[in-house]
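Quick note: numbers below take in every heavy atom, side chains included, and nothing from hydrogens, waters or symmetry partners. For ligands, and for the atoms within them, numbers begin at 1 and follow the listed sequence. Note that this is a predicted model, so its numbers are computed, not measured.
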Amino acid sequence: MITDGCPAFLLTVGFQIAAPGGYSALPVDPASTFPGLADSGWGLLVPIIAFAFVKLCHRNNRRTRLVFGILAGNLRHSRIMDTMHPIIQSLIVSARQSRSDSDGLILSGAEIGITFPFTPKEYLIHGWQSWSLSAWVDPTRRFLSPRPTTLLPGQTDLVFAPEKRPHGSWLGAVDLPEGGILLVGALGLDAHVILDGSTMHGSYNSSDGDWFLGAGDEQVVFERYTELLQSRFGKGRAAKEPRVWCSWYSFYKQINENRLLNVLADLGDLPFEVFQVDDGWQQSIGDWEANVKFPSGMEVLATRIKATGRTAGLWLAPLLVVPSSALYRQHPDWLLRDESGRLVSAGYNWDEPLFTLDTTHPAALEWLDDLMKKVRAWGYDYLKLDFLYSGALPGKRYADMPREAAFRQGLQVIREALGDAYLLTCGTPILPSLGLCDGMRIGPDVSGVWESSRDSRMLANMATPGARNAIRTCLHRLWLKPLVQIDPDVVYFHSRQLSLTVQEKLLLRDLARLCEFKATSDLPAWLRQDEIESLRSFLQENPAITQTGKYQYVIGGRTVDFGHAAEMPTPLSGFEKVTAVFIRWVSDQHWILNLFGKLSDRAVEKAIQKNG
Ligand code: 9PG
């Protein structure tokens, strides 16, 4: 522990001395390391004299800069002693280097360890990409690994999928006994945090990197973390969150030109800024030209949308390639492969296996650049780019670089080619997208059901579509708001074909109010007049919001409690465990996925026809 009179700089000096160029577990007890200095009162005077001396004598000498660094660290440490959370001083920290930060410490090291002298009740896991689970979980509870296996590349970071201990991408946190949290968050791209007993282990995959270690009020700690992230990666540029009509959650793949033009006309004066065409317009995943359902072509559609005063939006999954596409046949050399030359699986969807472009291949990058310029030239100024995680999957790339850096390089090319268009990333690795997109999907898809017990409990999969899954993960990603506009997915106003209760639909809307990102796929033809008016005021209003508890808010004067939605599903009973073995096996059969896909396509088509 660090006592009041003892400058915390000894922590810094301790790191320098205890671990010159290496790593060591260092009990943070400077008094025991330097007993004389600890109570000598020289803590401030020594560095001032030395500082002046060093500055005068050795301006450009490398060793001087090191000493200077330690002394400067000392001054800052001395000042923040009063504000640093006392818990920091009781930790055992292992890192190559440390320096103080306004709300904690900045640690450096490819591997770090933070051991705390208490037993946390909760641990914050943070998912790799938009759809991956983020939540506070009971660290003692062992979760089954998620199924179906074929979908996992598109739901979680596969590298860490076999990990049984609680873990998450880039960051981890525990609750403190007296309230507040202890957070360790990476400031680089390829990091992971695992909880092992009372130690949080952080590791960078490919190199050394920095970490923020902060303690205190959850909101304050995350605010500091986002400031640090912003200084490294930048932030989105868009001024105000858009209000979007998106075609996916009503029509799904069954869009066509007429259906969309009818909706466009029906939207009337509802205050949507963006009319976004989702999946279903393209010839194939990889062949981004209009299919037969859009006989006038995508440029004409954009012109019709813009004629209503709205921004034309378009969905693409630009990094994905399916075997039935011309792109797959024509450019097999652009695809990401593993060490043995086999194609890397990016999951399974559209009744086909998914593969991905190698975003370090110069010709693939040129193709991406052309594609983005093409859709801009068609007139689309809002792009929802989806399934982006595929660009960051492990593999052997044309240029040897860490997978997240390779992804970011691809996204950078996309960003530049899109110019001033609004870029919404979806299914995207979180940290590697920061600074390059305007909006980011921060949870899995919503759907008309609250929760599928089969998916979340039997298959232990909380990345599948469902209102509760979406709310849970989004609630644990609200901290991203200073960095990027956060899209929680659409809300519902209609009452057809939904099993959501009124309360559950309201909760989705309140989540959108927290995020300030408002979108729906509701067809005006499906809405009663009162529902139209509720939608209109939802889009127009800007209610005052205050947080009153961990998951409690006052929104426009109403108390809203998200607590139940944020909880993890209940464990399986003995009998359910037996059933789960069978269901987990069945879920891994491709024909089952295809069958479910066909059944749901048919149900959607029926609903559209029945409801006009
Ligand atoms: C279009 C949709 C919508 C939606 C996106 C994304 O197979 N899967 O694992 C899978 C995951 C997500 C998903 C579709 C399939 O949804 O989030 O808003 O654009 O793609 O296909």
Side-chain angles (χ1 to χ4, degrees), residues 127-133 146-158 161 244-255 274-282 284-286 288 291 313-320 322 345-356 380 382-390 393 423-430 433 437 439-448 452 455 459 461-467 469-470 473-474 477 486-492 508 512 517 519-521 587-588 590 592-598 600-601 604:
W128 186 53
Q129 53 114 325
S130 308
W131 306 322
S132 325
L133 172 67
R147 291 283 185 281
T149 318
T150 19
L151 295 187
L152 293 187
Q155 296 182 328
T156 181
D157 186 351
L158 270 190
V244 183
W245 188 86
C246 154
S247 64
W248 182 249
Y249 301 88
S250 51
F251 288 128
Y252 293 94
K253 280 178 274 177
Q254 332 291 357
I255 48 171
V274 181
F275 184 92
Q276 185 242 310
V277 181
D278 214 283
D279 186 3
W281 64 271
Q282 70 283 357
S284 178
I285 302 296
W288 301 102
N291 60 32
L314 191 62
W315 172 96
L316 299 98
L319 304 182
L320 278 190
V322 293
S345 166
Y348 192 87
N349 197 15
W350 301 281
D351 300 343
E352 285 190 81
L354 310 179
F355 301 110
T356 185
Y380 294 90
Y382 174 102
L383 281 310
K384 174 180 174 183
L385 301 188
D386 206 352
F387 290 83
L388 293 179
Y389 67 86
S390 67
L393 289 170
L423 170 54
L424 174 71
T425 52
C426 187
T428 200
I430 307 295
S433 307
C437 53
M440 180 188 286
R441 255 290 280 291
I442 55 161
D445 290 16
V446 300
S447 82
S452 152
D455 289 3
L459 302 179
N461 192 326
M462 275 144 275
T464 55
N469 284 349
T473 287
C474 287
R477 294 253 182 76
I486 46 175
D487 170 14
D489 212 2
V490 301
V491 302
Y492 299 97
L508 276 178
F517 195 109
T520 189
S521 293
S587 77
D588 267 337
H590 273 198
I592 283 281
L593 288 180
N594 290 352
L595 181 69
F596 273 121
K598 292 225 163 56
S600 91
D601 284 356
V604 171

task = May I ask whether Lys253 has any heavy atom positioned less than 4.0 angstrom from an atom of ligand 1?
result =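 The answer is no: ligand 1 sits nowhere under 4.0 Å from a heavy atom of Lys253.
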
task = Could you tell me if any non-hydrogen atom of Cys426 lies under 4.0 Å from any atom of ligand 1?
result = yes

query = Closest non-hydrogen protein atom to atom 16 (O) of ligand 1, residue and atom name please, with distance?
reply =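 The answer is Asp445 OD2, 2.8 Å.
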
remark   = among protein heavy atoms, the one nearest atom 7 (O) of ligand 1 is Asn349 CG, 3.5 Å

query = Going by the atom numbers of ligand 1, which of them fall below 4.0 Å from some non-hydrogen atom of Arg441?
reply = 17 (O), 18 (O)

remark   = Counting from 1 in the order shown, the ligand 1 atoms closer than 4.0 Å to a non-hydrogen atom of Lys384 are 3 (C), 4 (C), 18 (O), 19 (O)

For [X] and [Y], does a side-chain donor sit closer than 3.5 Å to a side-chain acceptor?
{"X": "Gln282", "Y": "Asn291", "answer": "no"}
{"X": "Ser433", "Y": "Thr428", "answer": "yes"}
{"X": "Trp131", "Y": "Asn469", "answer": "no"}

Option of least heavy-atom distance to atom 18 (O) of ligand 1 (set: Trp131, Trp248, Phe387, Tyr249) = Tyr249

From Asp279, Asp278, Leu151 - option closest to atom 3 (C) of ligand 1 by heavy atom = Asp278

query = Would you call Arg441 and Asp386 a salt bridge, taking side-chain N to carboxylate O under 4.0 Å as the test?
reply = no

message = Is the contact between Asp386 and ligand 1 made by the side chain, the backbone, both, or neither, using heavy atoms and a 4.0 Å cut-off?
response = side chain

task = Pick one of side chain, backbone, both or neither for how Ser130 approaches ligand 1, counting any non-hydrogen atom pair under 4.0 Å.
result = neither

query = Short question: side chain of Thr356, backbone of Leu319 - any donor-acceptor pair under 3.5 Å?
reply = yes

message = Taking the ring centre of each residue, are Trp350 and Phe387 less than 6.0 Å apart?
response =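 When the ring centroids of Trp350 and Phe387 are compared, they turn out to be within the sub-6.0 Å range.
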
key: Trp315, any N or O under 3.5 Å of ligand 1 N or O   =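 Yes, since at least one N or O of Trp315 sits under 3.5 Å from an N or O of ligand 1.
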
ask   = Just wondering, do Asp278 and Trp281 contact through their side chains at under 4.5 Å, heavy atoms?
value = no

ask   = Are Ile442 and Asp487 side-chain neighbours, meaning at least one heavy-atom pair lies under 4.5 Å?
value =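 Heavy-atom side-chain distance check fails, nothing below 4.5 Å.
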
